[in-house]
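Just below is one structure, and these are the notes that go with it.
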Amino acid sequence: MSSERRKPYPFDRIEPKWQSIWDERQIFHAPNPGEKGFDPAKPKFYILDMFPYPSGAGLHVGHPEGYTATDIVARYKRMRGFNVLHPMGWDAFGLPAEQYAIKSGQHPALTTRENVAKFKSQLKRIGFSYDWQREINTTDSRYYKWTQWIFLQLYNSWFNPKTNKAEPIKTYRSKNPDEVRLAYVADVAVNWCPELGTVLANEEVVDGKSEVGGFPVVRRPMRQWMLRITAYAERLLNELEGLDWPEGIKLLQRNWIGRSEGAEVDFKIDNKKIRVFTTRPDTVYGATYMVLAPEHSLVDLIVTEEQWLAVREYRERTARKSDLERTELAKEKTGVFTGAYAINPATNEKIPIWIADYVLLGYGTGAIMGVPAHDERDLEFARKFDLPIRQVVQPLGGEDPIGFIGEGIAINSPVIDGLPSREAIRKITQWLEERGLGKGAINYKLRDWLFSRQRYWGEPFPVVWESEPDGLHRHHRALDESELPVVPPPLDDYKPTGTGEPPLAKAKDWVRYSEKATRETNVMPQWAGSCWYYLRFCDPQNDKRFVGEKAEKYWMGGNKPGGVDLYVGGTEHAVLHLLYARFWHKVLFDLGHLSKPEPFQRLVNQGIILGEDNQKMSKSRGNIVNPDDVIEQYGADAFRCYEMFMGPLEQMKPWSMRGVEGVSRFLARAWRLMMNENQAGAWELSAAVQAVDPTKEQQKITHATIKKVTGDIETLSFNTAISQMMIFVNAFIPQRGTEAIPVSAMRTFLVLLNPFAPHLASELWETLGAKFKNAGGDITEQKWPDYDESLLIEDEVEIVVQINGKVRDRMKMSILASEEEMKVAALANPKIQQLIAGQTVRKTVTVPKKLVNIVI
RNA sequence: GCCGAUGUGGCGGAAUGGCAGACGCAACGGACUUAAAAUCCGUUGGGCCGUAAAAGGCCCGUGCCGGUUCGAGUCCGGCCAUCGGCACCA
């Protein structure tokens, strides 16, 4: 017997068949407004996957988890009469292709093309209903032209705090617009990764090591392009509110943005002043010393002669430390006295000024007031260096007041004595403001986005550097839109230079832009392309605009709230992609290019899939599951259904080949419900399938299945939807091979099954149609069925009888039975009578159609 | 350390405050078969009582301790464990 015959049903024949039919007919193409076939009466539904980086390793089983979920919803929504936008593309700039180029000399574009082809064929094999006419690739010059164009929008605008939005730079009236551009150049202490030969964003550094590769990262000052995302901190925070996202992800973003409310307070020192930020201005009377970040610019101006050497030495030592060392050594506080003193504005006392690396230059003002009595870190520092500790907050409970950081009552603070902390904060802030010593302030942890990379395989900046008339300085100038795209030059050698100068600098001819101007040689980070790809999907061929106005309005606008209707992807992008994309979206919205202020209305995170050993899948563990192997053995429909049957979409769960087999058995049972294998080994429609009316029982289960599957798709509970369909099939399997199988129930079932197992459903639909005449067309074009609630109602229900909450018996009763009838019947029940004999019934609780509970 | 998520049979999981374990896997028993595969049927949380065997009966059970309730996997309080995020952010 050939292995062909062993297949539980001929998925190896029907799956390629239907995939090519879908391809030929282009039935998943969603027409844009104005295009042929566009139906304005249909509501839109935009359902998006996080597009993949096409790595050389190909698809793993984690990718199709989210993709299957969205595919089910897409197919379902189409059958519900929506115009569904369901696209796919490639986030193809990135390090692996570049590193392969360094090793092999093969141009990254070539590697990318190969990998894309592989990914695409793998996705097609699973039968996803993408509109492939909308396929995009971030490394295509027709795409990154517009990424560069968006950079120009950022460069040519500023954030007006008065209007709280971005405006064209020409509306900025002061002298130097370069100080306020949303894209600007700064010499900043960056995360330099010598191994990768590039700088990294804060978000790309994990535990002092690069997220990619795990190489050490050090701090180093460099001239870099930055994006002023901090201007949007408040809006990025506030506008999370209305989004239908998992609370956990919202919280991650909130924490990342890190809003703190407090006050800025000035401490005088001779004719200068040091400004600090504090969330607890009510503790200012307890400030017994100050600390500046070692890199703080005032340090040079205040340090005394005696302390100068010690300070210089300390600064050098901290500068050499990598981030990793800084955190590792965080256990022990270090610092040096500057020799200088400041005046505490509340007490008018002279307090010493120190420098210490536990104060960070990048947060607040880079300086703090040390309140050892009510701050853990300050306490540790004060104890180590023997600085005075003064209690100014009295705890309400019996806690130790020293080291107490909660809210209490202000003491030893004449202006606010006796006030609870909240009120004390309000009053002291007002007091400081009145005297010009400080003011209320809000601080964010969020930093500006470091936007340049010293790499080859990325979008070049549409920027040139021109010599100033003095011949010494050079100044950046953005290119005109008409000069886009800026295409990177070909190189023989893609290696990083190691000096921090980008590889593009090696292409001397390309770098030379004109007599007096050279090109920017940095490239944009990988995030750039994914910041707006969902917009390009709306109108991917447009060569006049990054997205056509009408298409944008239709797919991203619409009635409240607009945007992508469902976005599915992994949690790993909680603070990177999802924050960056929101930022760009808001800028483009402010500049009038978009309809709505938020890109992704509903977000769902799929959980990761573990190996069979319950461990994270990895090459080294050898527990990786390859989708191709699964499809080879069980077919795409079984693969899809198993991915959904494993458990709730959001949950982490282990793979099980046995589980795939179980789901495959279910599909085979559904197949054999309608198909028979004849003597010749060919499958033909079973004679049991007949144009008869379903029995009452069959009707009931059919409608219960419609109800359950419909509701479960809406809530993305695909595992229970599949359970219900299994129940359906089990119920229809003829017990003695004699019962007729009503074709109407089968049709309904196939429509419900179609989003999950579209190949199988299509094939059976077609086979039924050959004999019984279908309503017409493919199953994909059918209307989703409605259910009839009245068919679900039973005449009789089983009533549970409990005594003190414990089930003691069950009885059949009409659903029309009144509470009184139920109670009487329960008490008359012989078994219950026996159990309650001789005891007083104190109370009975009756739940109609469910139970009677007798309390004794 | 702080924040968040999760904890249910041998396993994945299911249960608007109302019969815990749907559906599936695995296991065991049976049918078909020369045999196997495939398929089909049945049993399957634990303990105890009962019986020749059944039927049947009782008790315990959703991480742990407590509470609310006629009734808790579900609600409330406290703890423990695992996973994820942040981490000197003043």
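Just so you know, these numbers use all the heavy atoms, side chains as well, and skip hydrogens, waters and symmetry mates. Everything quoted here is computed from the prediction, not taken from an experiment.
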Exercise for the section: Scan side-chain atoms only and decide if A/Asn730 and A/Arg669 contain a donor-acceptor pair under the 3.5 Å cut-off. Expected result: yes
Minimum-distance nucleotide (side-chain atoms of [X] versus [options]):
X        : options             : value
A/Trp256 : B/C83, B/G57, B/C86 : B/C86
A/Val845 : B/A22, B/G18, B/G24 : B/G18
A/Tyr363 : B/A90, B/C86, B/C23 : B/A90
A/Arg810 : B/C86, B/C88, B/C19 : B/C19
A/Asp357 : B/A90, B/G13, B/C88 : B/C88

Sticking with atom [atom1], work out how far [N] lies from [M], rounded to a whole angstrom.
N     : M     : atom1 : result
B/A55 : B/G50 : P     : 16 Å
B/G85 : B/C70 : P     : 45 Å
B/G47 : B/G61 : C1'   : 10 Å
B/G57 : B/U68 : P     : 33 Å

Taking a pair as Watson-Crick or G-U wobble with both distances under 3.5 Å, which nucleotide is matched to [N]?
N     : answer
B/G4  : B/C83
B/G71 : none
B/C23 : B/G12
B/A38 : none
B/U33 : none

Practice task
To the nearest 0.5 angstrom, please state how far the CG atom of A/Leu610 sits from the NZ atom of A/Lys616.
Solution key: 8.5 Å
Exercise for the section: Would you kindly compare A/Leu252 and A/Gly647 by the position of their nearest RNA chain B nucleotide and give the one closer to the 5′ end? Expected result: A/Gly647
Exercise for the section: Please state whether the base of B/G18 and the side chain of A/Gln802 form at least one donor-acceptor pair under 3.5 Å? Expected result: yes
Practice task
Look at the side chain of A/Lys850 and the base of B/C19, then say whether one donor and one acceptor between them are separated by less than 3.5 Å.
Solution key: no
Once you apply a heavy-atom cut-off of 4.0 Å, does [X] come out as touching a base, just sugar-phosphate, or nothing?
X        : result
A/Val807 : sugar-phosphate
A/Glu798 : base
A/Gly662 : sugar-phosphate
A/Lys250 : nothing
A/Ile368 : base
A/Arg665 : sugar-phosphate
A/Met725 : nothing
A/Arg808 : sugar-phosphate
A/Asn719 : sugar-phosphate
A/Ser656 : nothing
A/Ser260 : sugar-phosphate

Handout entry: Parallel, tilted or perpendicular: rings of A/Tyr363 and A/Phe277 (30°, 60°)
Key = perpendicular
Exercise for the section: Look at the rings of A/Trp683 and A/Trp671 and say which category their plane angle falls in: under 30° parallel, 30 to 60° tilted, over 60° perpendicular. Expected result: perpendicular
Handout entry: is_close_aromatic(A/Tyr289, A/Trp354), centroid dist under 6.0 Å
Key = no
Handout entry: Aromatic centroids of A/Tyr358 and A/Phe381 separated by under 6.0 Å
Key = yes
Fill in the blank from the handout: Base orientation of B/G9, chi within 90° of 0 counted as syn, else anti, reads syn
Exercise for the section: Flag the pair A/Glu261 and A/Arg259 as a salt bridge only when some basic side-chain nitrogen lies within less than 4.0 angstrom of an acidic carboxylate oxygen. Expected result: yes
Exercise for the section: Using a cut-off of strictly less than 4.0 Å, decide whether A/Asn605 has a side-chain nitrogen or oxygen near OP1 or OP2 of B/G84. Expected result: no
Handout entry: Rounded distance (Å) that lies between atom P of B/A15 and atom CD1 of A/Ile727
Key = 11 Å
